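What you see is a predicted model; the values in this text were computed from it and never measured. The first residue of the sequence shown is numbered 1, and numbering continues consecutively from there.
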Amino acid sequence: MNTMSANDQVSVRDHKDYQTEVERLEFTKEYIRTVLEISKGNKEFFVENMKQAFADLDSKESSGSYLDLLANARFLELAESELKRLESVIGKPYFSRIDFTSNSTNKEESLYIGKVSLFDRVTQQPIIVDWRSPIANVYYDGRLGDVSYEAYGETQTGYLALKRQYEIVDGLLKEIRDIDLTTHDELLQKSLSGKADNRLTEIVATIQNEQNEVIRASLKHPIIVQGAAGSGKTTIALHRISYFLYSFGFRFPPEKLMILAPNQLFIDYISAVLPELGVNKINQTTYIDFMKSCLGKKIKLFSPNSKLMKLLKDNGTSKSMQWVSSYKGSLEFKSLMDHYVKELELNLAPKEDFRVEKSILLKGQKLKKLFLKEYTYLPIYKRIGKIKSLLENDLKKKKAIMLTNLNKKYDDALDQVLYSRRLDPERRKQKVVMLMDRKEERLKQVEQEAKVAVKKYMNAFIMKDIFTLYKELMTSPEMIKKHSTTLSDQQCTILSTFCQKIFAKGAYELEDLAPLFYMKAKLEGIDEKYKMRSIFIDEAQDYSYFQFAALKEGFNTDLFTIVGDLAQGIHSYRGLTSWAPVLKDIFPNANYQSLQKSYRTTVEIMNLANDILQLIDQDLPKVEPVIRHGQKPHYKMIDPANQEQVRVKLEQDIALLLEEELHSIAIIGRTEKECQRIYQILENSHLPIQLLEEKHDMKKGHIIILPSYLSKGLEFDSVMIVCLEEPYSKVDLNIKLLYVSMTRPMHRLYLYGKSPSDYLLHHADASHFDT
């Protein structure tokens, strides 16, 4: 075994179970190595089987070989997955232990909890228990003493005698801690005092009770989480995905799960943690990219931040623009769209009888009933396809009967003429010729009409594409008024005029995507490859009510995990100011959780952020920081006109932070333009500087400059907010952007400006920051 430092040896070796725990760790690592070798052997075995299955596919009797191929491919996938996961944890196979006596067996077990499951292949006894397993809930939720947990619909009870945490680094046992509650334990404090670049991957060891409740909340119901900045919303969502796949993976393939992230930058930020949690192949995309794919047409979209920039520029005075955005995101607008779609449905419903020649094959009334009643499980345009198939099948069956009946009718008539005693020969001949001609003419008429009857009937159904229909509605004040029960004539004009200007530029706004997606779901249906079965939405405060309703309709599921923070709702002009309508009208079966405890920032940083939060004109509770102290936020006066002075001051402070090994540093400006000004000052710095844009990756080891609205969801060791020409005014949007920026750092917060009022600090408690 490798040696440890003297300090480590003294602290850990004093524990009464030190030697036992070292031996258990060595046994576990050795067992993992053995399993890895077996897994590699399995892989080679499966590869050989697949080669043979491929060879056998050339034979005529290939169905059995094809099944063998599929089975072996699946086993190979499992073997590779097991291999990768075990390889990733061998240096830290578990992080905790519980000693639990079940009341049903009265037998005490020592269970070691980690990121994977591992069983003794002979005895089937657990060597490592997966953190997602039901029994692991005892570690996260239970005090010492009598405890209970839910497992497969039943309540299990027992006695918890021990909760123990380990710090294992590179396969070496560094620390052992015996604890009661995880809330105030040393491992959590150590994690919080660590660096931002590895916190996401280590969170599973320090999940807190209230976070655990959200992760393990009913997977059969939607859940909405209002979580304060730093409360772990993102990590909770990611762990809930992992828990979902652990519990329901046999029914829900990961390809049918999706994370809707606020931007590509955020996706890159979380990408490292998903494999750590055993989550692979899950869809990760942004709302805009997903909508563009679903709608099936290349559409030009105005930058979603362009409206935000305009509102910031005029300090939120664009009342009409804000109202249009808010209305397009409302459930009132959904009602208008429902009314419009209903009219389209009624106009498309069949009315005429389906005829061929002189025969009615299907009555219009019956077809209308089928369309409006029986086929409502289908989107409207697909019902038309269903009607067409019905007509084709009905015609196919009845055409032969029609021809038989016509033949019989004329044959009977000919018999009467031929055997009639009242007709002279000449007259009989004329009659026979006439009937023969008429018979041929009508049989030919049936044949001809039958060929085009369905096509002719279907020509009455004019199915315009959703983009045309949407534009027809939104550019006509008369049509808007016709389908709305709430808008005034003036509002209809404002809405249609605004849309006319947008569409004249050949583009759409982000707010147009939800109604277009909704119409597609109602009229055309969403392609199966885009139909997700469980959806996880982060930064959900920036969605609108209609966006949630449209997604639910399009996916035909309510298995949503929605996490957000209304205090960070910088796009609240789209309409979302409360979770109440989401809970009441869209997801009435949803669980709701509020997380007001912040695990990211120090008490000192959170005190100042709370002061700023209280300036927002909403009833938002203060955030409660976990007790971890640090330096107060520091306000530093600069002269923006003296660029050299600004550069020197920033470089000096960055150098001090790097000396403290606080390597993850962000410089935040209010907008992209402000960030460009900051970048120009630091462009020739000796430090590695990156001006970050939405679709860029963060370069490792670089000082990141980014606008406030792109920093949402991210965290850094230190944050430097710089105000050169764009002070934060006392307007809700500015306050929220400032609050978002202030809550990004774990350890240090610096504010640079001409005056404390640039950051509204004259409204804050002076004792909450240094100057």
Side-chain angles (χ1 to χ4, degrees), residues 258-267 283-310 321 324-330 333-334 336-338 340-341 344 379-382 462-476 479-480 483 495-532 535 537 539 542-555 571 573-575 693-695 709-710:
M258 180 173 68
I259 298 172
L260 282 179
N263 49 51
Q264 188 60 46
L265 181 64
F266 189 88
I267 292 172
N283 291 283
Q284 303 172 61
T285 186
T286 65
Y287 173 80
I288 289 174
D289 287 344
F290 185 74
M291 286 291 126
K292 282 183 173 180
S293 298
C294 270
L295 292 173
K297 178 183 175 182
K298 269 196 168 184
I299 59 173
K300 180 182 173 185
L301 200 70
F302 286 107
S303 167
N305 289 323
S306 60
K307 190 173 289 187
L308 181 68
M309 294 304 98
K310 189 167 184 179
M321 184 174 70
V324 169
S325 290
S326 176
Y327 183 75
K328 281 185 178 180
S330 70
F333 186 44
K334 176 183 173 293
L336 183 152
M337 295 299 298
D338 283 332
Y340 181 47
V341 169
L344 293 172
I380 292 170
Y381 286 178
K382 288 191 176 178
I462 300 171
M463 296 183 288
K464 295 181 181 178
D465 69 84
I466 57 170
F467 299 95
T468 301
L469 290 169
Y470 184 65
K471 285 181 179 178
E472 286 179 0
L473 170 69
M474 299 306 291
T475 55
S476 167
M479 284 184 69
I480 292 171
H483 297 291
L495 182 57
S496 63
T497 303
F498 189 90
C499 290
Q500 286 166 19
K501 290 177 181 176
I502 293 294
F503 299 150
K505 297 175 183 177
Y508 295 88
E509 292 188 297
L510 181 143
E511 290 88 342
D512 294 315
L513 295 178
L516 285 167
F517 180 77
Y518 191 71
M519 286 183 73
K520 184 174 180 67
K522 291 282 193 179
L523 293 171
E524 301 172 3
I526 305 300
D527 192 305
E528 280 301 319
K529 69 180 176 182
Y530 297 118
K531 273 199 171 183
M532 298 296 122
I535 301 92
I537 301 179
E539 301 296 334
D542 292 332
Y543 282 64
S544 70
Y545 299 117
F546 196 178
Q547 281 177 287
F548 289 127
L551 288 169
K552 181 183 176 184
E553 176 71 26
F555 294 136
H571 296 287
Y573 55 84
R574 293 182 192 142
E693 295 179 16
E694 186 170 336
K695 297 203 177 273
Y709 45 87
L710 276 189

Item to check | Heavy-atom side-chain proximity of Leu510 to Gln547 below 4.5 angstrom | outcome: yes
Checklist outcome for this item: Heavy atoms of Leu710 and Glu693 approach each other most closely as CD1-C, 4.0 Å
Checklist entry - Is it the case that more than 12 heavy atoms not belonging to Lys464 sit under 6.0 Å from its NZ atom? => result no
Checklist entry - Can you tell me how far CG of Leu551 sits from CZ of Phe517, rounded to the nearest 0.5 angstrom? => result 5.5 Å
Checklist entry - If you round to the nearest 0.5 Å, how far is CD of Glu472 from CE of Met479? => result 6.0 Å
Item to check | Verdict with supporting geometry, Leu344 and Ile380, side-chain contact (heavy atoms from CB on, under 4.5 Å) | outcome: CA-CA 9 Å; Leu344 293 172; Ile380 292 170; 5.5 Å; no
Checklist entry - Does any N or O in the side chain of Asn305 come within less than 3.5 Å of the main-chain N or O of Leu308, such that one atom is a donor and the other an acceptor? => result no
Next on the checklist: So which atom in His571 and which in Tyr573 form the shortest heavy-atom distance, rounded to 0.1 Å?
Outcome noted: ND1-OH, 2.8 Å
Next on the checklist: Is the shortest side-chain heavy-atom distance between Ser496 and Gln500 below 4.5 Å?
Outcome noted: yes
Item to check | Donor on one side chain, acceptor on other, Asp512 and Tyr470, under 3.5 Å | outcome: yes
Next on the checklist: Can you tell me how far apart CG (Asp542) and CD1 (Ile537) are? Round to the nearest 0.5 Å.
Outcome noted: 11.5 Å
Checklist entry - With side chains defined as the heavy atoms from C-beta onward, is the minimum distance between Ile299 and Leu513 less than 4.5 Å? => result yes
Item to check | Spatial distance of atom CG (Leu301) from atom OG (Ser306) [nearest 0.5 Å] | outcome: 9.0 Å
Could you list the donor-acceptor pairs under 3.5 angstrom formed between side-chain atoms of residues 502-509 and any protein atom two or more places apart in sequence or on another chain?
from: Glu509; atom 1: OE1; to: Lys328; atom 2: NZ; distance (Å): 3.4
from: Glu509; atom 1: OE2; to: Lys307; atom 2: NZ; distance (Å): 2.7

Next on the checklist: For Ala521 versus Pro379, what's the shortest heavy-atom pair and its separation?
Outcome noted: O-CB, 3.8 Å
Item to check | Glu539 side chain reached by Asn263 side chain, heavy atoms, under 4.5 Å | outcome: no
Checklist entry - Once the angle between the rings of Phe333 and Phe546 is folded into 0 to 90°, is it parallel (under 30°), tilted (30 to 60°) or perpendicular (over 60°)? => result perpendicular
Next on the checklist: Under the rule for side-chain hydrogen bond (donor to acceptor under 3.5 Å, both in side chains), what residues qualify as partners of Asp338, not counting sequence neighbours?
Outcome noted: Lys334, Tyr518
Checklist entry - So which heavy atom on Gly575 is nearest to which on Tyr545, and how close? => result O-CE1, 3.1 Å
Checklist entry - Please walk me through it: do Leu336 and Tyr327 pass side-chain contact (heavy atoms from CB on, under 4.5 Å)? => result CA-CA 11 Å; Leu336 183 152; Tyr327 183 75; 3.5 Å; yes
Checklist entry - When you look at Met474 and Tyr340, which way does the side-chain contact (heavy atoms from CB on, under 4.5 Å) test go after all the steps? => result CA-CA 11 Å; Met474 299 306 291; Tyr340 181 47; over 6 Å; no
Checklist outcome for this item: When rounded to the nearest 0.5 Å, the distance separating NZ of Lys292 from NZ of Lys300 is 11.0 Å
Next on the checklist: Closer than 3.5 angstrom, by distance alone: can the side chain of Thr475 be matched with the main-chain N or O of Lys471 as a donor-acceptor pair?
Outcome noted: yes
Item to check | Shortest non-hydrogen separation from Ala514 to Ala550 and the atoms involved | outcome: O-CB, 3.6 Å
Checklist entry - Would Thr286 and Phe266 count as a side-chain contact (heavy atoms from CB on, under 4.5 Å) if you check the C-alpha gap in whole Å, the side-chain angles of each, and the deciding distance to 0.1 Å? => result CA-CA 9 Å; Thr286 65; Phe266 189 88; over 6 Å; no
Checklist entry - Nearest 0.5 Å, what's the CG-CG distance between Leu295 and Leu516? => result 6.0 Å
Checklist entry - Thr285 versus Leu260: any side-chain heavy-atom pair under 4.5 Å? => result yes
Next on the checklist: On a heavy-atom basis, which atom in Ala261 and which in Ile267 lie closest, and how many Å separate them?
Outcome noted: CB-CG1, 3.5 Å
